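Because the structure is predicted, anything quoted here is derived from the model rather than measured.
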Amino acid sequence: MPLDIVPSVCPHDCPSACALDVERIKPAPAKAGGYSLGRVRGAVAQDYTLGVVCAKVSRYAERQHHPERLSQPLRRVGEKGRGVDAFRPISWDDALDEVAEALTHATQRHGSEAVWPYYYAGTMGLVQRDGINRLRHAMRYSREDLTICNALSDAGWCAGVGAKRGVDGREIAKSDLIVVWGGNPVSTQINVMTHIAAARRERGAKLVVVDPYRTATAARADLHLAPLPGTDGALACAVMHVLFKEGYADRAYMARYTDDPAGLEAHLKIRDPAWAAAITGLPKDEIVDFARLYGSTRRSYIRVGYGFSRSRNGSAQLFAVSCLPAVTGAWAHEGGGALYSNLGLVEIDHTLIEGLDRLDPSIRMLDQSRIGPVLTGDARDLGNGPPVTALFVQNTNPMVVAPESRLVHRGFARSDLFVCVHEQFMTETAAMADIVLPATTFLEHDDLYLGGAHTYLQLGRAVLPAHAECRSNHDVINGLATRLGAHHPGFAMSAVELIDRTLRLSGLPGVADFPQGGRLDCCPPFATGHFLDGFPQPDRKFHFRADWRAIGPQYARLPAFPDHVAAIDDGDPERPFRLVAAPSRSFLNTSFNNTPSSIAREGRPTALVHPEALKELRLADGDRVRIGNRQGNLVVHARGFAGMQKRVVIVEGLWPNHAFEEGIGINLLTSADPGLPRGGAVFHDTSVWLSPA
Ligand code: SF4
């Protein structure tokens with residue numbers, strides 16, 4: 001079949017932002033219609049992606065041409081939550097008119113803050129993801145505090161380093177020791193493994209993984225440390241204790257590049273491996289061995305994941321880990337240092353895309369992670385303002401992904417709440433909507449992408465015609481703006497014009513001047529990338545003393561120096577197990593949880609339970625087990641798994657709610673408590689009981 005290959009960028013909520021080579025299959029001359037999608041491969045020419053993408057995206061045709069893709073605007077005529085059967089097609093004009101009318105009605109009754117545009121990272125493209133904010137600010141709708149993923153990790157990283165950047169991910173290949181801390185790249189960020197494999201092959205590098213369970217990545221490691229969830233800060237402190245005590249600390253480096261090494265050393269005196277062993281559940285000798293390996297390796301690179309930040313003490317944990325290379329001076333060496341994210345590397349002027357020139361900071365901010373309490377009328381969450389009576393949702397599926405699902409479901413079920421969802425599929429959230437609008441995929445619209453794991457800024461152009469009547473987020477926002485009378489220059493621009501103008505305003509080459517293939521490497525010089533010209537803090541030093549007060553209102557509950565912060569839900573005799581709701585390999589949040597190959601690989605919702613715990617419960621592999629806490633309980637199948645401590649229970653993957661016997665998924669059990677010091681979802685900080693179902 002005729003075929004060509006075009007460049008693109010993976011838009012999904014994953015740090016890799018892979019550069020793609022996309023096969024387009026031309027229709028036979030006799031047939032009507034445009035190109036269809038063939039294989040999706042990693043671009044070999046982009047030297048972070050290096051030709052590798054994850055399996056779920058390589059089979060993107062399954063998603064792109066899925067028979068259940070939404071194809072036309074829909075109005076709900078049946079009961080909420082029933083799905084496609086409850087909807088009837090309507091025209092785009094009628095749909096947009098109805099949405100605009102509903103938003104106007106909500107504004108007239110309760111004021112503009114009664115409308116809450118709600119979005120997240122279903123696409124990471126700056127135009128199609130963030131353009132909703134332009135409408136928000138132009139219309140003075142409630143603001144959204146984006147806490148569900150990186151609020152805790154950003155706070156922890158920036159407390160020490162000062163900005164959201166780190167050592168180029170390609171340098172992993174030049175490391176002698178890679179520590180993957182709180183991440184599972186084999187399942188969730190495969191490109192990291194490409195560079196680790198190069199370091200192992202060419203330099204004999206060692207791989208250490210810190211994760212509460214033996215993930216696919218941990219299974220490939222030379223050393224796997226499995227602390228109890230929420231205790232990584234204690235582990236990091238004990239490692240630093242050994243580094244100071246046994247002469248691995250680089251005092252000359254610290255004197256030049258850090259704020260208070262003497263204070264840190266004194267603080268760590270009593271935080272020794274025995275102290276950490278009692279908190280983490282790790283053997284003391286394992287902590288010492290790891291510290292010696294880390295301390296004796298100049299080119300040591302920590303790839304910092306998100307997992308251990310999803311805890312009430314997550315910022316403090318991530319901050320503690322970020323201190324390690326500042327103690328040994330690993331930052332100074334090629335292949336050394338750490339990377340959490342490079343999303344702060346390129347300074348993009350977001351004014352045009354997000355309408356920041358219309359932002360009024362006095363308008364209330366609602367916490368996206370607390371959408372359950374917000375929609376069920378918690379006065380504190382609402383800032384004592386009006387109820388939310390209209391939601392406009394793009395790029396997210398809170399009926400599954402948000403914590404405290406029971407409250408979220410109750411909120412969406414309100415009869416006085418108008419909901420419009422712009423989506424590619426009839427998600428659980430779309431099924432609760434009054435109006436559903438069909439959305440394009442990344443292959444059908446233009447966008448601009450930063451990458452957390454690398455240093456490229458990438459253009460992704462539309463390479464396929466829009467499916468059926470689907471429209472891009474940008475087009476829908478502009479269509480609503482026209483009907484609502486919202487004014488901003490961004491509403492009159494095409495996505496490409498918006499990208500071009502944004503690039504130029506940011507001092508970057510415009511669209512026409514981008515390198516061929518649309519990939520601009522923004523890698524800074526070595527000295528800047530390794531902070532040898534100073535850390536991006538006001539005093540140019542790495543901070544061992546975190547200024548939490550400058551980061552969030554709950555600063556008083558966090559100590560200045562790295563520490564174990566015992567603010568976690570550590571259970572009690574009724575809830576002895578620590579639940580981690582970890583990502584699966586074949587789903588990405590709820591994206592891909594409806595594609596046949598992903599479902600086939602993941603099987604069914606399953607709890608990994610330590611074999612001894614399973615035995616004590618008188619359960620065997622495959623038996624049904626009920627997991628519960630004060631928020632509720634649900635049934636999954638159990639599987640014995642010895643690669644973790646006995647108290648730990650793992651349930652991987654954000655399965656659809658209907659995959660559970662009682663129609664509600666794992667976030668029934670997770671808490672919407674805000675992490676310290678400025679909020680953030682605490683998905684891996686949950687204590688539960690288990691019983692035979
Ligand atoms: S690894 Fe991440 S960025 Fe790369 S193709 Fe898969 S989901 Fe997309």
Side-chain angles (χ1 to χ4, degrees), residues 15 147-161 164 166 178-189 192 208-215 217-218 221 223-240 276 279-282 286-287 290 294 301-325 338-341 403 452 546 558 562-570 578-583 643-645 647-652 670-671 673 675-677 680-687:
T147 57
I148 207 159
C149 177
N150 55 359
L152 286 156
S153 46
D154 280 6
W157 182 262
C158 292
V161 172
K164 200 169 167 179
I178 301 102
V179 181
V180 174
W181 199 311
N184 178 14
V186 166
S187 288
T188 62
Q189 216 197 123
V192 173
V208 175
V209 172
V210 183
D211 201 294
Y213 74 115
R214 194 175 62 240
T215 60
T217 310
L223 175 63
H224 170 213
L225 295 100
L228 286 168
T231 67
D232 302 65
L235 173 60
C237 285
V239 169
M240 288 189 279
I279 296 168
T280 61
L282 293 170
E286 204 171 83
I287 299 171
F290 170 43
Y294 185 77
Y301 188 108
I302 305 181
R303 188 65 183 88
V304 178
Y306 290 81
F308 69 114
S309 76
R310 305 203 192 292
S311 184
R312 289 166 180 77
N313 63 0
S315 296
Q317 301 221 97
L318 201 136
F319 165 60
V321 171
S322 76
C323 292
L324 264 64
L339 174 65
Y340 151 59
S341 171
L558 294 176
D563 212 338
H564 170 64
V565 177
I568 56 177
D569 173 17
D570 206 9
R578 296 278 289 147
L579 170 69
V580 176
M644 57 198 186
Q645 297 189 41
R647 279 187 69 197
V648 178
V649 176
I650 307 290
V651 178
E652 287 187 344
T670 59
S671 169
D673 279 3
L676 301 170
V682 298
F683 290 115
H684 303 339
D685 187 4
T686 310
S687 286

Quickly, which of L282, D570, I279 forms a side-chain contact (heavy atoms from CB on, under 4.5 Å) with T231? Name it, please.
-> I279

Side-chain heavy atoms of R310 within contact of C149, under 4.5 Å = yes

Side chain D685, main chain D569, donor-acceptor under 3.5 Å = yes

Does P229 reach the side chain of V648, with side-chain heavy atoms less than 4.5 Å apart?
-> yes

Is there side-chain contact between Q189 and P15, with heavy atoms separated by less than 4.5 Å?
-> yes

For A226, side-chain contact (heavy atoms from CB on, under 4.5 Å) partners two or more places apart = H224

Look only at the side chain of S315 and the backbone of L152, and say whether a donor-acceptor pair between them is shorter than 3.5 Å.
-> yes

G182 to F308 - nearest heavy-atom pair and separation = CA-CD2, 3.7 Å

Does the pair T217 and D211 meet the rule for a side-chain contact (heavy atoms from CB on, under 4.5 Å), with working shown?
-> CA-CA 9 Å; T217 310; D211 201 294; over 6 Å; no

When you measure from the side chain of R312 to the backbone N and O of L676, does any donor-acceptor pair fall under 3.5 Å?
-> no

Does Q317 reach the side chain of P227, with side-chain heavy atoms less than 4.5 Å apart?
-> no

Taken in chain and number order and not counting sequence neighbours, the residues that satisfy side-chain contact (heavy atoms from CB on, under 4.5 Å) with A582 are Y213, V580, I650, E652

Could you check if a side-chain atom of K164 sits within less than 4.5 angstrom of a side-chain atom of S341, using non-hydrogen atoms only?
-> yes

Listed by chain and number, what are the ring pair (Phe, Tyr, Trp, His ring centres under 6.0 Å) partners of Y340, not counting sequence neighbours?
-> W157, Y306

Side chain N184, main chain T215, donor-acceptor under 3.5 Å = no

V682 side chain near T670 side chain, heavy-atom distance below 4.5 Å | no

Test item: P185 and R303 side chains (from C-beta on) under 4.5 Å apart, heavy atoms = no

Considering all heavy atoms of both residues, which atom of N313 and which atom of G230 are nearest to each other, and what is their separation?
-> ND2-O, 3.0 Å

Is there side-chain contact between W181 and L324, with heavy atoms separated by less than 4.5 Å?
-> yes

Hey, mind stepping through T280 and I287 against side-chain contact (heavy atoms from CB on, under 4.5 Å) and telling me if it holds?
-> CA-CA 10 Å; T280 61; I287 299 171; 4.2 Å; yes

What pair of heavy atoms forms the shortest contact from I568 to S311, and how long is it?
-> CG2-OG, 3.5 Å

Test side-chain contact (heavy atoms from CB on, under 4.5 Å) on V208 and Y294 and set out the steps.
-> CA-CA 9 Å; V208 175; Y294 185 77; over 6 Å; no

